[in-house]
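To keep things clear, I will list the structure first and then write my remarks on it.
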Amino acid sequence: MCGRFVKKSSKEELRKRFGFDDSLGGVMLEPRYNIAPSQEHPVLILNQDRRLLRMMKWGLVPHWSRDPKIGYKMINARSEGIEEKPSFSGPLKKKRCLVIADGFYEWHKPDKKTKIPYYFSLKSGEPFAFAGLWDLWEKGDEPLYTFTIITTSPNELMEPVHNRMPVILSESDEARWLDPEITDSKDVLSLLKPYNAEEMECFKVSTIVNSPKNDVPECLIPAN
DNA sequence: CCAGACGTTGTT
DNA sequence: GTCTGG
DNA sequence: CCAGACGTTGTT
DNA sequence: GTCTGG
């Protein structure tokens, strides 16, 4: 699931919504229409009480990994049992992050041959945050920052299309997700639930979104 | 104790 | 790093 | 996630 | 079939 998303809000819109004071050099906030695993994306973390954005690669590589290729398999983390997974238990305590987005795609596969892409977003049109985890790998030539997006069961809107959905945090939960003082896993895990379907919408889109090479606005054109 | 794995989705 | 299996 | 490639030797 | 690249 959740192997593509969109970030089209401007830097000003995002700053207003998420209140980051600063951003590291190299943070790119150009609109994106087809963000795929292994690509760089701005991720919001808390650094000494300040919200800051940093570019990270999608596909979590645990800091102890021998081979960073493991990241190709770590684009999502199931919320169920997440605290028991060696790759995620550490980051769940101290490396929680917000993955900012405006929407995401999911493919409905009614049978083996059919694949229909849908675009999901908030009815408000506002950007939102996926619940994410990040880590830093330093066994290569360069420091490697990576992240993963947590998944849960689908809400009523997504259920007909797919059996999983990414965790979208309600705005009031975002600060708690980032708060390093909250270490009790019960408190943290209580935030990982399906988003309110009433506040979301979706529609079919063109299959041009199927190729991750097509990072173009046409990905969002409604289809039949 | 040490060695070895550490993941998800989707499909069968 | 941390957990499981032997 | 999906799309696309999947190899070596030897030469530059 | 499986891995890499986007």
Side-chain angles (χ1 to χ4, degrees), chain A residues 1-7 28 30-42 55-96 99 101-121 130-140 143-144 146-154 158-168 183 185 192 194 202 204-216 218-220 223:
Chain A
M1 75 106 355
C2 185
R4 256 19 123 54
F5 63 91
V6 164
K7 189 214 72 61
M28 303 301 290
E30 297 304 308
R32 296 289 310 278
Y33 299 92
N34 203 347
I35 299 165
S38 87
Q39 294 180 345
E40 296 272 324
H41 183 74
M55 296 303 286
M56 299 192 193
K57 190 174 175 179
W58 188 4
L60 189 132
V61 178
H63 61 93
W64 43 260
S65 283
R66 295 166 120 257
D67 186 353
K69 284 185 208 154
I70 188 72
Y72 282 99
K73 301 175 182 176
M74 305 282 213
I75 64 172
N76 294 129
R78 291 178 67 91
S79 56
E80 302 91 339
I82 191 173
E83 76 279 14
E84 295 159 7
K85 305 288 186 183
S87 301
F88 306 135
S89 59
L92 188 68
K93 291 182 192 120
K94 289 290 167 190
K95 289 184 163 59
R96 301 187 295 269
V99 181
D102 292 272
F104 61 93
Y105 304 103
E106 191 52 77
W107 282 260
H108 181 42
K109 295 170 184 172
D111 59 68
K112 219 166 164 183
K113 299 167 186 170
T114 320
K115 231 173 22 180
I116 308 166
Y118 284 75
Y119 178 67
F120 289 83
S121 60
F130 293 125
L133 302 175
W134 66 280
D135 209 342
L136 169 60
W137 189 78
E138 296 180 289
K139 296 182 186 295
L144 177 64
T146 59
F147 71 94
T148 189
I149 294 173
I150 299 173
T151 68
T152 185
S153 50
M158 279 207 73
E159 193 277 330
V161 175
H162 202 65
N163 64 336
R164 303 293 294 165
M165 81 177 286
V167 173
I168 296 172
T183 52
S185 71
L192 303 177
C202 73
K204 289 183 191 175
V205 291
S206 156
T207 53
I208 59 174
V209 73
N210 287 10
S211 175
K213 287 178 184 170
N214 298 330
D215 183 15
V216 294
E218 286 73 19
C219 289
L220 297 183

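Below, chains carry the letters A, B, ... as their sequence lines are ordered, and counting in each starts from 1. All values below were derived from every heavy atom in this structure, side-chain atoms included, with hydrogens, water molecules and symmetry-related copies excluded.
- The side chain of A:N76 lies closest to B:dT8 when the candidates are D:dG4, D:dC2, B:dT8.
- Look at OH on A:Y72: it is 20 Å from P on B:dC6, rounded to the nearest Å.
- In this structure, A:I208 CD1 and A:E218 CD are separated by 5.5 Å, a value rounded to the nearest 0.5 Å.
- One can place NZ of A:K69 at 17 Å from C1' of B:dA5, the figure rounded to the nearest angstrom.
- One P atom belongs to B:dG4, the other to E:dG5, and the distance between them is 28 Å to the nearest Å.
- Rounded to a whole Å, the CD atom of A:Q39 is 13 Å from the C1' atom of D:dA3.
- At the phosphate of B:dT9, OP1 or OP2 sits under 4.0 Å from a side-chain N or O atom of A:R164.
- Note that the CD1 atom of A:I168 and the CD1 atom of A:I150 stand 13.0 Å from one another [nearest 0.5 Å].
- Atom P of D:dT8 sits at a distance of 22 Å from the matching atom of E:dG1, rounded to the whole Å.
- For A:S38 against E:dG5, a side-chain-to-base donor-acceptor contact under 3.5 Å is absent.
- Rounded to whole Å, the P atom of D:dC2 lies 8 Å from the corresponding atom of B:dT11.
- No donor-acceptor contact under 3.5 angstrom links the side chains of A:T207 and A:N210, judged on distance only.
- One finds no side-chain N or O of A:R66 lying less than 4.0 angstrom from the OP1 or OP2 phosphate oxygen of B:dG4.
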- Message: Between A:S87 and A:M74, is the side chain to side chain contact (heavy atoms under 4.5 Å, CB included) condition met? List the steps.
- Response: CA-CA 9 Å; A:S87 301; A:M74 305 282 213; 3.2 Å; yes

Could you run down the sub-3.5 Å N/O contacts of the protein with nucleotides 1-3 of chain C?
none

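- Computed from coordinates, the A:N34 CG to D:dA3 P distance equals 11 Å when rounded to whole Å.
- Summarising the geometry, the separation between CD1 on A:I75 and P on D:dC2 is reported as 9 Å, rounded to the nearest angstrom.
- Looking at A:R164 and A:E80, a side-chain N of the basic residue comes within less than 4.0 Å of a carboxylate O on the acidic one, giving a salt bridge.
- Residue A:K85 places at least one side-chain N or O under 4.0 Å from the OP1 or OP2 atom of B:dT8.
- The OH atom of A:Y72 sits 13.5 Å away from the CH2 atom of A:W58 when rounded to the nearest 0.5 Å.
- To the nearest whole angstrom, the two C1' atoms, one in E:dT4 and one in D:dG7, are 15 Å apart.
- Annotation: B:dA5 and E:dG6 have their C1' atoms spaced 29 Å apart (nearest Å).
- Using a distance-only test at 3.5 Å, with no hydrogens or angles considered, a donor-acceptor pair links the side chain of A:R4 to the main chain of A:V209.
- Closest approach to the A:F88 side chain among B:dT8, D:dC1, E:dG6 is made by B:dT8 (side chain taken as heavy atoms from C-beta onward).
- Of the P atoms belonging to D:dC1 and B:dT12, the separation is 14 Å, rounded to the nearest Å.
- Across the protein-nucleic acid pair, A:M74 atom CE and B:dA5 atom C1' stand 10 Å apart, rounded to whole Å.
- Across every non-hydrogen atom of A:S206 and A:A223, the tightest pair is N-CB, 3.8 Å.
- A straight line from CG of A:L60 to C1' of B:dG7 spans 10 Å, rounded to a whole angstrom.
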- So what's the dot-bracket for DNA chain B: Watson-Crick or G-U pairs under 3.5 Å, [ ] if a pair crosses, | if it pairs off-strand? ||||||......

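- Under the 30°/60° scheme for interplanar angles, the aromatic rings of A:F130 and A:F5 are found to stand perpendicular.
- Atom pair A:I208:CD1 and D:dA3:P shows a separation of 13 Å (rounding to whole Å applied).
- Closest heavy-atom contact between A:L192 and A:T152: O-OG1, 4.2 Å.
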